[in-house]
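Notes follow once the structure below has been shown.
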Amino acid sequence: EVQLVESGGGSVQAGGSLRLSCASSGLTYSSYCMGWFRQVPGKERERVGAIDTVGLPSYADSVKGRFTVSISKDNAKSTLYLTMNSLKPEDTAMYYCAAGTWVVAGTSRCAEPYNYWGQGTQVTVSS
């Protein structure tokens, strides 16, 4: 059974930083696209960033240059991170990590839908 558990959310002032973590079990990162999404009530879910099956990251335009998606491996356990710098009030949302097997045909680029989701962690940025 695949499980994803996010942590690291919280409240921060504009300009600050946070690092979200996503611990997983039941999957091998190299076989999945690993992504971070966010959602505000009443708005569509937005993919913030992802790492594809060959380790290439991609980002939404709204976070490029400020957010970094990374994977660390320690003792055969992998953790997905989202490092968020220069946070803005509009970054306030529930953040989710997700794992998926779909890619754009002929490429390693991640595609939706993602197969597995965590429960989310709240990020609140005050001005």
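What you see below is based on every heavy atom in this structure, not just the backbone, and it leaves out hydrogens, waters and symmetry mates.
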**Study point:** Residue pairs, two or more places apart or on separate chains, that pass salt bridge (Lys or Arg N to Asp or Glu O under 4.0 Å) and touch residues 33-42
**Key:**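 As it turns out, the salt bridge (Lys or Arg N to Asp or Glu O under 4.0 Å) pairs with a partner in residues 33-42, which skip direct neighbours, are R38-E46, R38-D91.
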Point to revise | Pairs flagged by salt bridge (Lys or Arg N to Asp or Glu O under 4.0 Å) wherever residues 117-127 is involved - sequence neighbours left out | key: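 Sorted pair list comes back empty.
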Point to revise | Co-membership, hydrophobic cluster, residues W36 and V2, 4.5 Å side-chain | key: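 Looking at the clustering, V2 is in the same group as W36.
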Under a 4.5 Å cut-off applied to non-hydrogen side-chain atoms, are [X] and [Y] in contact?
{"X": "Y95", "Y": "Q39", "value": "no"}
{"X": "T83", "Y": "F67", "value": "no"}
{"X": "Q122", "Y": "T92", "value": "yes"}

Distance-only criterion, 3.5 Å: show the donor-acceptor pairs between side-chain atoms of residues 11-25 and protein atoms not counting sequence neighbours.
residue: S17; atom: OG; partner: N85; partner atom: OD1; Å: 2.8
residue: S24; atom: OG; partner: Y29; partner atom: OH; Å: 3.2

Review point. How would you list, by chain and number, every residue that makes a side-chain contact (heavy atoms from CB on, under 4.5 Å) with V40, sequence neighbours excluded?
Key: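 Once residues adjacent in sequence are excluded, the partners of V40 under the side-chain contact (heavy atoms from CB on, under 4.5 Å) criterion are K43, A93.
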Exercise for review: Output all residues satisfying side-chain contact (heavy atoms from CB on, under 4.5 Å) with S72, sequence neighbours left out; order by chain, then residue number.
Suggested key: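 Per chain and number, S72 pairs via side-chain contact (heavy atoms from CB on, under 4.5 Å) with T79, Y81.
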Shortest non-hydrogen contact from [X] toward [Y]:
{"X": "I71", "Y": "L80", "result": "CG1-CD1, 3.7 Å"}
{"X": "R66", "Y": "S86", "result": "NH1-O, 2.9 Å"}
{"X": "L27", "Y": "M34", "result": "CD1-SD, 4.4 Å"}
{"X": "E6", "Y": "G120", "result": "OE1-N, 2.9 Å"}

Measuring from [X]:[atom1] to [Y]:[atom2], what's the distance to the nearest 0.5 Å?
{"X": "L87", "Y": "S126", "atom1": "CG", "atom2": "OG", "answer": "10.0 Å"}
{"X": "T53", "Y": "Y32", "atom1": "OG1", "atom2": "OH", "answer": "12.5 Å"}
{"X": "Q3", "Y": "Y116", "atom1": "CD", "atom2": "OH", "answer": "11.5 Å"}

Would you mind writing out the side-chain donor-acceptor pairs for residues 101-108 within the sub-3.5 Å range, not counting sequence neighbours?
residue: T101; atom: OG1; partner: N115; partner atom: OD1; Å: 3.2
residue: T107; atom: OG1; partner: V104; partner atom: O; Å: 2.9
residue: T107; atom: OG1; partner: R109; partner atom: N; Å: 3.0
residue: S108; atom: OG; partner: D52; partner atom: OD2; Å: 2.8

Check your understanding: Is the backbone of A50 close enough, under 3.5 Å, to the side chain of Y59 for a donor and an acceptor to pair up by distance?
Key ->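 Side chain of Y59 to backbone of A50: no pair is present.
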Point to revise | Side-chain cluster (under 4.5 Å, hydrophobic types only) that Y114 belongs to, other residues | key: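 Once heavy-atom contacts under 4.5 Å are chained together, Y114 belongs with F37, M94, Y96, W117.
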Point to revise | Contact list for residues 33-68, test disulfide (SG to SG under 2.5 Å), sequence neighbours left out | key: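 For residues 33-68, and leaving out neighbouring residues, the disulfide (SG to SG under 2.5 Å) pairs sorted by first residue read C33-C110.
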Check your understanding: For K64, what residues pass the salt bridge (Lys or Arg N to Asp or Glu O under 4.0 Å) criterion, not counting sequence neighbours?
Key ->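 Salt bridge (Lys or Arg N to Asp or Glu O under 4.0 Å) check on K64 returns D61.
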Practice item. Can you sort out the partners of E90 under side chain to side chain donor-acceptor pair (under 3.5 Å), two or more places apart, ordered by chain and number? Key: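 E90: no side chain to side chain donor-acceptor pair (under 3.5 Å) contacts found.
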